[in-house]
Amino acid sequence: MAVAQLTDKTDEQKAITEMVRQFVDEQILPNAEHYDHEDEFPGPIVDQMKELGLFGVTIPEEYGGMGLDLTTYTMIVEELSRGWISISGVINTHFIGSYLLMKFGTDEQKERFLPRMATGELRAAFSLSEPELGSDVQAIKTSAKKLDDGNWEINGQKMWVTNGLMSGMVFVLVKTDPAADPPYKGMTCFITEKEPGVSENTGAHAGLTVPPKIKKMGYKGVESTELVYDGYRCPPENVLGGEEAGVGHGFVQMMDALEVGRVNVAARGVGIAQRALELALRYSQERKTFGKQIAQHQAIQFKLADMATQLDAARLLTLRAARLKDAGERSDLEAGMAKLFASETGRFCVEESFRIHGGYGYSKEYEIERLYRDAPLLLIGEGTSEIQRMVIGKKLLQRNKI
Ligand SMILES: Cc1cc2nc3c(=O)[nH]c(=O)nc-3n(C[C@H](O)[C@H](O)[C@H](O)COP(=O)(O)OP(=O)(O)OC[C@H]3O[C@@H](n4cnc5c(N)ncnc54)[C@H](O)[C@@H]3O)c2cc1C
């Protein structure tokens, strides 16, 4: 793929990314500091995102969405993350949930959930991790057993569920056959419905508790919670893809969704790196030492040069992975590379920008301080850098078998 093919935008992509950039400049950047410092859910910003249709970007038009592809979504996520990665976190799990429904859901499930998801009225979370595991997904302990009345009863504890409180549905991976060998063949994805914003669910959703949100270093505003399933009853029609196609296939479904999730995290790395570079370019031309702008010192110019070079490379890798996926080609290796490189680039650019800010970078008065606390998340979520290297290495060997 030529570079121009990777970076070119259609008229529609230009219009939508310009619209999102303006939204970020006017609504997110001026308000992020407040919500970050208070660790408060950015409700008014999320309401405006609903009005702009941002919860339905990839949902087909027949269900009320925009029906756009992963590439366009990636461009939007870069813009939102340039403003604040917590905002992209609000739609990230929703995007993965809608991908799971579009790809694996039954017609009835699509009709029941997608129209309300497209407007953002119903928001989705997705949950693999547990207190004792994150990388080793096959070690999941949360389990579901089929009851005589046809329902499934889910028991167990989930960890680090982004949008765990405010979402109305959670795509949750649980064990349905403890004897399955290998274990991944005994896992199923359930669509667990819940009351948004309620910690003790009752009535049809009884048995699902959301403990107080986890206190975090950064990535504030959007909540990450545990979820406790204790006798939660899930109807058979909420098995993703239906019981016949879905039971025992949850692991494969979730791993497929993680591939697009990784492209999405890569786009977040590009967005935060872009913002860090913008802040560094501005500050380095304002601050003077030894009688000149610090931007005139070669050591600072080299930092700017390295940041801009890595940023461009990260953007190209990210767009390549997205475009391959849209073209229906294999993109597992490319998605892993994009996620690895772009998240590391996010951290690198933020740290270099922080250094350029000198002591002021350590002050909460400066935006870079927030970025410095936000960027490390991208090294962890959707698979750590170590796990990406494992994925890349495995795929490389598969594609180059002698
Ligand atoms: C803010 C936040 C939001 C999150 N949101 C979600 C969410 O919405 N849904 C969800 O399901 N999860 C979510 N997570 C969980 C996240 O996906 C996990 O934290 C991540 O996958 C790592 O798992 P772990 O924390 O259990 O680390 P571990 O798996 O315990 O890993 C610890 C360390 O060991 C390394 N390691 C592990 N195995 C290997 C190996 N085989 N070889 C070499 N090194 C290895 C890891 O790279 C890491 O450095 C979130 C996490 C955070 C911090």
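Just so we're clear, the structure is a prediction, and the values are computed from it rather than from any experiment. Note that ligands are numbered from 1 as they come in the structure, with each ligand's atoms numbered from 1 the same way.
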Checklist entry - Would you say Glu79 and Gln22 make side-chain contact, with heavy atoms under 4.5 Å? => result no
Checklist entry - Gly383 to ligand 1: N or O pair under 3.5 Å? => result no
Item to check | Geometric class of the Phe290/His297 ring pair [parallel <30°, tilted 30-60°, perpendicular >60°] | outcome: perpendicular
Checklist entry - Hey, is CD on Glu132 packed in by over 12 heavy atoms from elsewhere, all under 6.0 Å? => result no
Next on the checklist: Please compare Gln388, Arg389, Glu386, Met254 and report which has the shortest non-hydrogen distance to atom 45 (C) of ligand 1.
Outcome noted: Glu386
Checklist outcome for this item: With heavy atoms and a 4.0 Å threshold, my read on which part of Ser129 contacts ligand 1 is both
Next on the checklist: So, 4.0 Å and heavy atoms of Lys158: is ligand 1 close enough to count as a contact?
Outcome noted: no
Checklist entry - What protein heavy atom is closest to atom 20 (C) of ligand 1, reported as residue, atom name and distance in Å? => result Ile380 O, 3.6 Å
Checklist entry - Strictly by modelled atom types, are Gln274 and Arg315 linked by a side-chain donor-acceptor pair under 3.5 Å? => result yes
Next on the checklist: How far is atom 29 (O) of ligand 1 from the closest protein heavy atom, and which atom is that?
Outcome noted: Ser135 OG, 2.6 Å
Next on the checklist: Working note: Gln13 + Thr72, criterion side-chain hydrogen bond (donor to acceptor under 3.5 Å, both in side chains); need CA distance, chi angles, decisive distance, verdict.
Outcome noted: CA-CA 6 Å; Gln13 287 168 339; Thr72 313; 3.0 Å; yes
Checklist entry - Please state which protein non-hydrogen atom is closest to atom 14 (N) of ligand 1 and give its distance, to 0.1 Å? => result Trp160 CB, 3.4 Å
Next on the checklist: Any donor-acceptor pair under 3.5 Å linking the side-chain atoms of Thr142 with those of Glu130?
Outcome noted: yes
Checklist entry - If you measure every N/O of Ser127 against every N/O of ligand 1, is any gap under 3.5 Å? => result no
Next on the checklist: Less than 4.0 Å from atom 36 (N) of ligand 1, is there any heavy atom belonging to the protein?
Outcome noted: no
Item to check | Nearest-neighbour protein heavy atom for atom 41 (N) of ligand 1, which is reported as residue plus atom name and distance | outcome: Met390 SD, 3.5 Å
Next on the checklist: Heavy-atom distances under 4.0 Å decide this one: backbone, side chain, both or neither, for Thr384 against ligand 1?
Outcome noted: side chain
Item to check | Numbered atoms of ligand 1 (with element) below 4.0 Å of Leu128, judged on heavy atoms | outcome: 10 (C), 11 (O)
Next on the checklist: How far is atom 21 (O) of ligand 1 from the closest protein heavy atom, and which atom is that?
Outcome noted: Gly134 C, 3.8 Å
Next on the checklist: Quick check on the 6.0 Å ring-centre criterion: do Phe251 and Tyr184 meet it?
Outcome noted: yes
Checklist entry - Identify the closest protein heavy atom to atom 1 (C) of ligand 1: which residue and atom is it, and at what distance? => result Leu377 CD1, 3.3 Å
